[in-house]
Student: 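Below you will find the structure I want to go over with you.
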Amino acid sequence: NAGVMQNPRHLVRRRGQEARLRCSPVKGHSHVYWYRQLPEEGLKFMVYLQKENIIDESGMPKERFSAEFPKEGPSILRIQQVVRGDSAAYFCASSPRPERTDTQYFGPGTRLTVL
Amino acid sequence: DAKTTQPNSMESNEEEPVHLPCNHSTISGTDYIHWYRQLPSQGPEYVIHGLTSNVNNRMASLAIAEDRKSSTLILHRATLRDAAVYYCILRGSILRSGGSNYKLTFGKGTLLTVNP
């Protein structure tokens, strides 16, 4: 069984460019979560999506960041006009349900470097 | 969410058991105790979870204190591959978590070093 896949694994952008991070959840999982890990810090929740719906985006910066999980295709985390402070590892996780007894399966992450 | 406290780091020798402690004195009766770990340059990986009783799986054992104010993750025979940051996370009911019990709240965790 394929786990959570993320691409690209490494992404380099210059300040002001756009970054698009993709996440394909475990097959059959309709709940996707994005987390960000800044250098030397713990992982922080960003957003929770179900198919075609954003359920909770309370951890996502209000500007420049957006996320989607379309009916078909991967979930996308989009960062517009990147700044150096966006350099981090971005992890996607999926689960069959959002319950507190359910495991979240994480992908390998996308490491974004902003020059 | 209830808070957890873990030592910043621990060291072990290969082939020896490792006991990773976690304090959660404000845990509520409906909070599940989850453990994840993050190997270097990888995403977090689920290890084990429990509510009241001790739990075993192929990766580890989870020992939960009778009053549930602390728990211990036990790796029975540490290998070099077990070197990672281990996170103890509480997941509460929807009501207790303000409707967001799907969020995993990662602290700083315990950095486990395994010596050959």
Side-chain angles (χ1 to χ4, degrees), chain A residues 2-7 9-10 21 23-26 29-50 53-60 69 88-113, chain B residues 1-6 8-9 24 27-53 55 57-60 62 84-111:
Chain A
V4 175
M5 293 193 290
Q6 291 188 248
N7 66 82
R9 294 291 305 276
H10 298 274
L21 288 61
C23 167
S24 295
V26 172
H29 287 187
S30 56
H31 301 269
V32 165
Y33 318 84
W34 286 90
Y35 293 82
R36 177 166 71 171
Q37 187 169 34
L38 293 166
E40 308 304 322
E41 292 190 21
L43 289 96
K44 304 285 185 206
F45 167 83
M46 297 181 74
V47 61
Y48 160 39
L49 309 105
Q50 290 181 29
N53 289 304
I54 298 174
I55 307 301
D56 180 354
E57 54 184 351
S58 60
M60 207 148 67
F69 188 17
Y90 291 82
F91 295 97
C92 166
S94 74
S95 68
R97 301 177 304 169
E99 311 301 327
R100 62 201 160 115
T101 52
D102 279 87
T103 297
Q104 289 187 13
Y105 297 85
F106 282 80
T110 294
R111 279 150 186 83
L112 172 66
T113 301
Chain B
D1 286 337
K3 189 181 162 71
T4 63
T5 304
Q6 299 178 251
N8 289 335
S9 61
H24 28 77
I27 192 170
S28 85
T30 57
D31 288 345
Y32 278 80
I33 303 159
H34 287 248
W35 284 80
Y36 281 74
R37 71 180 185 181
Q38 186 174 21
L39 278 64
S41 301
Q42 294 190 30
E45 172 187 36
Y46 167 80
V47 178
I48 201 166
H49 78 274
L51 183 63
T52 55
S53 305
V55 184
N57 66 21
R58 64 173 180 81
M59 287 181 74
L62 177 59
V85 178
Y86 286 78
Y87 299 99
C88 170
I89 298 169
L90 300 184
R91 295 186 72 181
S93 64
I94 288 180
L95 280 177
R96 178 162 163 81
S97 60
S100 60
N101 61 345
Y102 43 80
K103 284 183 194 176
L104 295 181
T105 301
F106 291 85
K108 294 192 183 301
T110 296
L111 175 62

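Each chain gets a letter, A, B and so on, in the order the sequences are listed, and its residues count up from 1.
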Student: Of the listed residues (K108(B), H49(B), Q38(B)), which shares the most heavy-atom pairs with chain A below a 4.5 Å separation?
Tutor: Q38(B)
Student: With sequence neighbours excluded, what pairs up with E41(A) under the side chain to side chain contact (heavy atoms under 4.5 Å, CB included) test?
Tutor: L38(A)
Student: Looking at residues at least two apart in the chain, or sitting in another chain, which of them share a ring pair (Phe, Tyr, Trp, His ring centres under 6.0 Å) with Y33(A)?
Tutor: Y48(A)
Student: Look at atom CE of M59(B) and say whether more than 12 heavy atoms of other residues, nucleotides or ligands are closer to it than 6.0 Å.
Tutor: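 Counting other residues, nucleotides and ligands, CE of M59(B) exceeds 12 neighbours.
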Student: I need the minimum non-hydrogen distance between S58(A) and K103(B), along with the two atoms involved.
Tutor: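 Scanning both residues, the minimum pair turns out to be OG-NZ, 3.1 Å.
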Student: Does anything in residues 101-110 of chain A get under 4.5 Å of chain B by heavy atoms, and if so which residues?
Tutor: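 Answer by number: T101(A), D102(A), T103(A), Q104(A), F106(A), G107(A), P108(A).
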Student: Are the side chain of Y102(B) and the backbone of S95(A) linked by a donor-acceptor contact shorter than 3.5 Å?
Tutor: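 Judged by distance alone, no pair lies under 3.5 Å.
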Student: Using non-hydrogen atoms only, which part of R111(A) is less than 4.5 Å away from chain B: side chain, backbone, both, or neither?
Tutor: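 Contact with chain B involves the side chain of R111(A) alone.
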Student: Which residues satisfy the ring pair (Phe, Tyr, Trp, His ring centres under 6.0 Å) test with Y87(B), sequence neighbours excluded?
Tutor: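 So Y87(B) forms a ring pair (Phe, Tyr, Trp, His ring centres under 6.0 Å) with F106(B).
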Student: Counting only heavy atoms from other residues, nucleotides and ligands, does the tally under 6.0 Å from CG of N8(B) exceed 12?
Tutor: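 Open: at most 12 neighbouring heavy atoms sit under 6.0 Å from CG of N8(B).
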